[in-house]
Amino acid sequence: MANESTDKNSDKHGDKNNLRIKAIENGTVIDHITPGQALNVLNILRVGANFTNTVSIVMNAGGSRGDKDVVKIEGRELTEKEVNAISLISPKATVNIIRDFEVVQKGKIETPDSVCGIVKCINPNCITNSSEPIETRFVVTENEKKKTLALRCVFCESVLTEDLIQFIE
Amino acid sequence: MQPMHHIISTREYTKEMFDEILELAEKLEPIAKGEVQSKVMDGKILALLFFEPSTRTRMSFETAMLRLGGQFINMGAVEASSIAKGESLSDTIRVVSQYADAVVLRHPREGAALMASECASTPIINAGDGAGHHPTQTLLDLYTIKRESHLDNLNIALAGDLKYGRTIHSLCYALSRYHAKINLVSPPELRLPDRIVDDLRKRNIDVTITTDMEDVIEDIDILYMTRIQRERFPDPAEFNRVSNSMRITRELIQTAKPEMKIMHPLPRVNEISFDVDDTEHAAYFKQAFYGVPVRMAILCKVLGMEDRIREMK
């Protein structure tokens, strides 16, 4: 697995993981996903029953509770919007773009200052939940009591804590 | 070209921004009373789009425009407009903002005014967006406090429905710019949301919370009362108990300072007894009048005429 060799030394479970998942020729490896969030990452990428390329998932890699989840998708690179969405549920994830079995781009996901058109506002009376042609817009902030990520709707000021984040289908 | 000046929310207003509008309003008060004639808005048209019922806000905007020598156009009832045919708000705004120099919008959905400001070709003034903001009410409340009492070192009680009242929420943030001492008086089920109390305390505002008006009545300069809505209480007996406990009567205000003023955004139902109206404390009808000079000031501000007003003798 030459393409993931850069990850091996830094990942104590690398060898074991690599036995579980085959290398991909062209596509994306999303690594260091918060444990338990792999399926939500697939939802964000709209990878479902109709997706015909190879998709590999490792959940709870490295033990009973696990350090991380990993998703590998053949033939697919991520848009900025998708990367932003993943950052909301898994801020420590990394995205590696693979071409010809080589890692051509590797980067940590950065949580943006704001996200547009990704997350649904929780307030049913918010203008973004009407039939108006308008994208949702949230400022990324912090839940001060729990010290976790929170989103504030620019339009109605509703605050969404992590457990309330729903992605637009 | 200067960016368009919309009035969407006063949440981020600084003290200087508030003061500018209040000073303009004071200059405009003789015109609002009809004592001085003005043609400063001659040739200007204001569009009023009210998707929800309104008496004071709509009529005070109409009066403000007419007193300044301008004119207004009105969408009229929603049922008689293109909205009834299914037109979106954004399309309506794109069209109407070409007919007028500014648009006043009241809409039942939170965030409607901000969205409108992003598709309008003229300034948008938010006259209430659902449970969101009502900035012109906040400004007229501040103006009333300034005219009838004082904004510096103010000791104010906010009473009634502090949970759902949008005027209260906006007023809290505005008062924090003047470092007022804020006493919150409400039944436990209608307390001010914690996030707002936290925000106020972060701004070093002295906030006290009580369920009993008598705890604060002797010390306050302003008592700002709001209506408790029956629909918030599934049990009618509980509603009666709560609304009676929050009622302002002549007896209650006997121990108040002589200069203490009572405000209310109106309409009132029975939360202030009628025999309070003819006391020196009642300021709620004056407050309704102050909506005119304040909205005149807002119109002058959004249409870039503030310098002409400042130069007026």
Side-chain angles (χ1 to χ4, degrees), chain A residues 44 79-82 84-85 87-89 91 111-169, chain B residues 6 8-13 49 51-52 78 82-95 105-120 124 126 128-135 138 164 166 168-170 172-173 193-203:
Chain A
I44 289 168
T79 65
E80 189 186 344
K81 226 177 192 180
E82 289 168 334
N84 284 344
S87 78
L88 300 179
I89 57 165
T111 308
D113 295 334
S114 62
V115 286
C116 299
I118 297 172
V119 175
K120 195 174 157 51
C121 183
I122 194 175
N123 172 9
N125 207 41
C126 178
I127 192 73
T128 60
N129 283 322
S130 67
S131 55
E132 295 295 328
I134 185 173
E135 274 199 328
T136 63
R137 207 182 309 156
F138 291 87
V139 174
V140 179
T141 166
E142 193 184 48
N143 179 344
E144 287 183 17
K145 283 183 183 148
K146 293 183 185 164
K147 296 288 172 206
T148 53
L149 177 143
L151 301 178
R152 196 179 75 242
C153 176
V154 167
F155 291 94
C156 74
E157 295 183 0
S158 292
V159 175
L160 277 66
T161 47
E162 273 181 327
D163 51 321
L164 295 175
I165 292 176
Q166 271 192 324
F167 293 99
I168 294 169
E169 289 178 5
Chain B
H6 305 285
I8 306 301
S9 155
T10 51
R11 175 84 181 266
E12 303 304 328
Y13 263 42
L49 298 183
F51 291 79
E52 281 191 319
V78 170
S82 291
I83 310 300
K85 297 177 189 165
E87 185 174 61
S88 66
L89 174 64
S90 43
D91 280 3
T92 305
I93 293 291
R94 280 191 185 95
V95 171
L105 173 69
R106 172 171 288 186
H107 196 274
R109 282 194 180 262
E110 285 95 77
L114 178 59
M115 186 202 74
S117 71
E118 293 177 359
C119 48
I124 295 288
N126 184 6
D129 56 344
H133 297 279
H134 193 0
T138 305
Y164 299 100
R166 64 182 169 194
I168 289 285
H169 300 174
S170 301
C172 281
Y173 287 109
D194 284 345
R195 65 183 165 83
I196 301 177
V197 177
D198 291 347
D199 281 349
L200 294 174
R201 288 186 170 147
K202 258 187 261 164
R203 292 181 181 188

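Scope of the values below: all heavy atoms of this structure, side chains included, with no hydrogens, waters or symmetry mates. Convention: sequence-line order gives letters A, B, ...; per-chain numbering from 1.
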Salt bridge (Lys or Arg N to Asp or Glu O under 4.0 Å) filter on A:Glu82, not counting sequence neighbours, yields A:Arg76

Above 12 or not: heavy atoms from other molecules or residues under 6.0 Å from CZ of A:Arg152? no

One should read off an interatomic distance between B:Ile93 CD1 and A:Glu132 CD, to the nearest 0.5 angstrom, of 9.0 Å

Give me the atom names and distance for the closest heavy-atom approach of B:Glu110 to A:Asn125. OE2-ND2, 2.7 Å

Under 4.5 Å from any heavy atom of chain B, what part of A:Val159 do you find: side chain, backbone, both or neither? neither

Identify, with sequence neighbours excluded, every residue that meets side chain to side chain contact (heavy atoms under 4.5 Å, CB included) alongside A:Glu135. A:Lys81, A:Cys116

Assess whether a salt bridge exists between A:Glu157 and B:Arg195, defined as any Lys/Arg side-chain N lying under 4.0 Å from an Asp/Glu carboxylate O. no

Closest non-hydrogen atoms of A:Ile127 and B:Leu89, given as atom of the first, atom of the second and distance, are CD1-CD2, 4.4 Å

Measuring from atom CE of B:Met115 to atom SG of A:Cys156, what distance do you get when rounded to the nearest 0.5 angstrom? 13.5 Å

When rounded to the nearest 0.5 Å, the distance separating OG1 of A:Thr128 from CG of B:Leu114 is 11.0 Å

Looking only at heavy atoms, which two atoms of B:Arg109 and A:Ser130 are closest? And how far apart? NE-CB, 3.4 Å

